[in-house]
Amino acid sequence: QVQLVESGGGQAQVGGSLTLSCAASGFTFDTFAMGWFRQAPRKEREFVAAITWAGGATLYADSVKGRFTISRDNAKSTVYLFMNNLRPEDTGLYYCNAGNTTGHLRRGAVQYSASWGQGTQVTVSS
């Protein structure tokens, strides 16, 4: 049974930082690219960042490029998202999921669409 458990969200001020974690289980973690997505109130879920199975390459949405960093620890089956210089528009519920490639994830083509986690809430205020 696939499980994706996000954590690390919270309240932050504009310009602040947060680090999110996503613990995965139920599949062979180190054979998939992993990605982060977010959903703001009254908006659709959108791609944020992705990383290849070995961690050698990353992909970011233009809105977070230069501010967010995705990383992974295959020994812990965990993917991270370090968010720096936060803005109010970064507010939302953040999720992770697996994909065949970072390109698939950027297009929203996730491997476990029926197994989204609960997400972790990030709220950025001035």
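Fair warning: this is a prediction, and the values are worked out from it, not measured in the lab.
Each of Ile70, Asn97, Asn74 was evaluated against Val79; a single residue qualifies, Ile70, per the side-chain contact (heavy atoms from CB on, under 4.5 Å) test. Screening Met83, Arg45, Gln39 for a side-chain contact (heavy atoms from CB on, under 4.5 Å) involving Tyr94 leaves a single residue, Met83.
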Where do Tyr95 and Leu20 land on the side-chain contact (heavy atoms from CB on, under 4.5 Å) test, with the steps shown first?
CA-CA 10 Å; Tyr95 303 88; Leu20 308 184; over 6 Å; no

Show the numbers, then the answer: is there a side-chain contact (heavy atoms from CB on, under 4.5 Å) between Thr91 and Gln121?
CA-CA 8 Å; Thr91 294; Gln121 178 68 38; 4.1 Å; yes

Applying side-chain contact (heavy atoms from CB on, under 4.5 Å), run through Thr52 and Thr101 and close with a yes or a no.
CA-CA 7 Å; Thr52 54; Thr101 68; over 6 Å; no

May I have the step-by-step check of side-chain contact (heavy atoms from CB on, under 4.5 Å) for Arg67 and Tyr60, ending in yes or no?
CA-CA 10 Å; Arg67 301 187 298 121; Tyr60 296 95; over 6 Å; no

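Interatomic distance, Leu59 CG to Leu105 CG, rounded to the nearest 0.5 Å: 8.5 Å. With rounding to the nearest 0.5 Å, the separation of CG in Asn100 from CZ in Phe32 is 6.0 Å.
For the pair Arg38 (side chain) and Val122 (backbone), a donor-acceptor distance under 3.5 Å is absent. Although no hydrogens or angles enter the test, the distance criterion places no donor-acceptor pair under 3.5 Å between the side chain of Gln3 and the main chain of Gly26.
When every heavy atom of Thr78 is checked against every heavy atom of Ala23, the shortest pair comes out as OG1-CA, 4.0 Å.
Contact check on Asp90 versus Arg87 returns no salt bridge, with no Lys/Arg side-chain nitrogen under 4.0 Å from an Asp/Glu carboxylate oxygen.
Crowding of Glu89 atom CD: a count of heavy atoms from other residues, nucleotides or ligands under 6.0 Å exceeding 12. Heavy atoms from other residues, nucleotides or ligands lying under 6.0 Å from CD of Gln118 number 12 at most.
For the pair Ser71/Phe82, no side-chain contact is recorded, criterion being any heavy-atom separation below 4.5 Å from C-beta on.
Within the 6.0 Å centre-distance limit, the rings of Trp116 and Phe37 are counted as a close aromatic pair.
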